[in-house]
Amino acid sequence: MAATEAIAFIGIGNMGWPMAERLLRLGHLLVVSDASQERAARFAQEHGCRSATAGDALPLADVIVTMLPTSAVVEEVLCRRSPALRPGALVIEMSSGVPASTRAIAEQLTARGVRLIDAPVSGGVKRAMTGELAIMCGGAPEDVDRATPLLRLLGSSIVRTGAVGSAHAMKALNNLVSAVGFVAGIEALLIGRKFGLDPALMVDVLNASSGMNNSTQKKFKQFVLSSTFDSGFGLDLMAKDISIALDLAQGTKTAAPLSAACRELWSAAAAVLGPGRDHTEMARLSEMLAGVSLAAKGGTA
Ligand code: NAD
């Protein structure tokens, strides 16, 4: 992908902001767009680029990067509300989405002469800032080839998963594993705390032992024991990903009882805690159920 191609970057949220920032810094031409025009305008002002509504930005773009909350929003922006897209344009759909919806969007776009790949990411805001995301790619090989130079600026691992929609399936399954690991770790800390063990010491032991996982390493001390709960990944978005994974289980007739219990817990946390919560606040629900807090100076919840 040539640096001279015009890129429309749609969705300048927690992830889109640092990703768009990297593309600009590394020499690409970008127009940014967000439902919050104030946020897009602030990004443009801080980075010396242009912001526009999606309606104005999309028809001029050779490449469209979407980093939006859900597939429903992606479909609304690209298909329902969209003006004429440039024939030959490539959509790089980097949100975490629903595989079947992604395929349906790709079909609608193909009929208009536009190509789409799904390229969801893992790694969170920190790795978005350093260009070290893990990127999964679903799509026709020639479309993925075309996107790869740009994706290399954002990720240190780029893995092809198969046809369009396959990367969104893989991403949901990754987050299912991450969500189960998070709850398993938090429940262990709660049991240990009630037994009399120190939560921070338990995290250290887990991280030196076979109980280690991404949450014990990168989330528990940083966001839960510290009570900062500011990882930059929303609880509603994690609950969405787990639901996508469970829908895949249902669609493939795969018994997944542990995953189903995990979905119940994350959905309950989203309902009990309300909107706008960080996903690490899932621990608060577990604390309520256990009747004890994990906070550094915590006592009974
Ligand atoms: P976010 O909520 O911070 O950002 C989404 C942005 O999209 C917001 O700025 C919002 O205003 C904008 N938006 C919503 N509707 C829109 C519309 N109709 N038109 C234009 N803009 C619109 O979310 P995020 O954390 O940046 O996540 C984006 C996607 O990446 C999600 O699918 C999420 O599941 C996935 N993801 C997030 C993380 C993370 O750590 N935050 C990690 C990996 C994947």
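Numbering of ligands and ligand atoms starts at 1, following listing order. Throughout, residue positions are numbered sequentially from 1 according to the sequence presented.
- Salt bridge absent: K219 and D278 never bring a charged side-chain N and a carboxylate O closer than 4.0 Å.
- Contact check on E281 versus R277 returns a salt bridge, with a Lys/Arg side-chain nitrogen under 4.0 Å from an Asp/Glu carboxylate oxygen.
- Of the polar atoms of A35, at least one N or O is found under 3.5 Å from an N or O of ligand 1, judged by distance alone.
- Ligand 1 has a nitrogen or oxygen under 3.5 angstrom from a nitrogen or oxygen of K240.
- Considering backbone and side-chain atoms together, T70 places no N or O closer than 3.5 Å to any N or O of ligand 1.
- Contact annotation: G232 has at least one heavy atom less than 4.0 Å from an atom of ligand 1.
- Between R42 and D34 there is no salt bridge, since none of the side-chain N atoms of the basic residue sits less than 4.0 Å from a carboxylate O of the acidic one.
- Between I186 and F220 the shortest side-chain heavy-atom distance falls below 4.5 Å.
- In this structure the side chain of S166 never reaches within 4.5 angstrom of the side chain of M136, judged on heavy atoms.
- Taking 4.5 Å as the limit, some side-chain heavy atom of L151 sits within range of a side-chain heavy atom of M94.
- With a 4.5 Å cut-off on side-chain heavy atoms, E21 and I12 do not count as touching.
- V121 O, 3.3 Å is the protein heavy atom nearest to atom 43 (C) of ligand 1.
- Here the shortest heavy-atom distance to atom 32 (O) of ligand 1, taken over D278, L237, L68, belongs to L68.
- For P69, heavy-atom contacts with ligand 1 shorter than 4.0 Å involve the backbone as well as the side chain.
- A salt bridge links D204 with K221; the closest basic N to acidic carboxylate O contact falls under 4.0 Å.
- Considering backbone and side-chain N/O of E76, none are found under 3.5 Å from N/O of ligand 1.
- Not a single N or O atom of V73, backbone or side chain, sits closer than 3.5 Å to an N or O atom of ligand 1.
- Looking at every heavy atom in both residues, A163 comes nearest to D118 through O-OD1, 4.4 Å.
- Aromatic ring orientation, F182 versus H279: tilted (interplanar angle from 30° to 60°).
- The distance criterion of under 3.5 Å between nitrogen or oxygen atoms is not met by M94 with respect to ligand 1.
- Under a 4.0 Å N-O distance rule, the pair E287/R284 does not qualify as a salt bridge.
- Among protein heavy atoms, the minimum distance from atom 38 (C) of ligand 1 is reached at M15 CG, 3.4 Å.
- Residue contacts with ligand 1: V77 is placed with no nitrogen or oxygen under 3.5 Å of a nitrogen or oxygen of the ligand (distance criterion only).
- Inside a 4.0 Å radius of atom 3 (O) of ligand 1 there is at least one protein heavy atom.
- Nearest protein neighbour of atom 36 (N) of ligand 1, counting heavy atoms only, is S96 OG, 4.0 Å.
- Of the listed residues (V74, V125, I10, D34), the one carrying the non-hydrogen atom nearest atom 6 (C) of ligand 1 is D34.
- The option from D241, N14, I12 that lies nearest to atom 1 (P) of ligand 1, judged by heavy atoms, is N14.
- Among protein heavy atoms, atom 30 (O) of ligand 1 sits closest to M67 CE, 3.1 Å.
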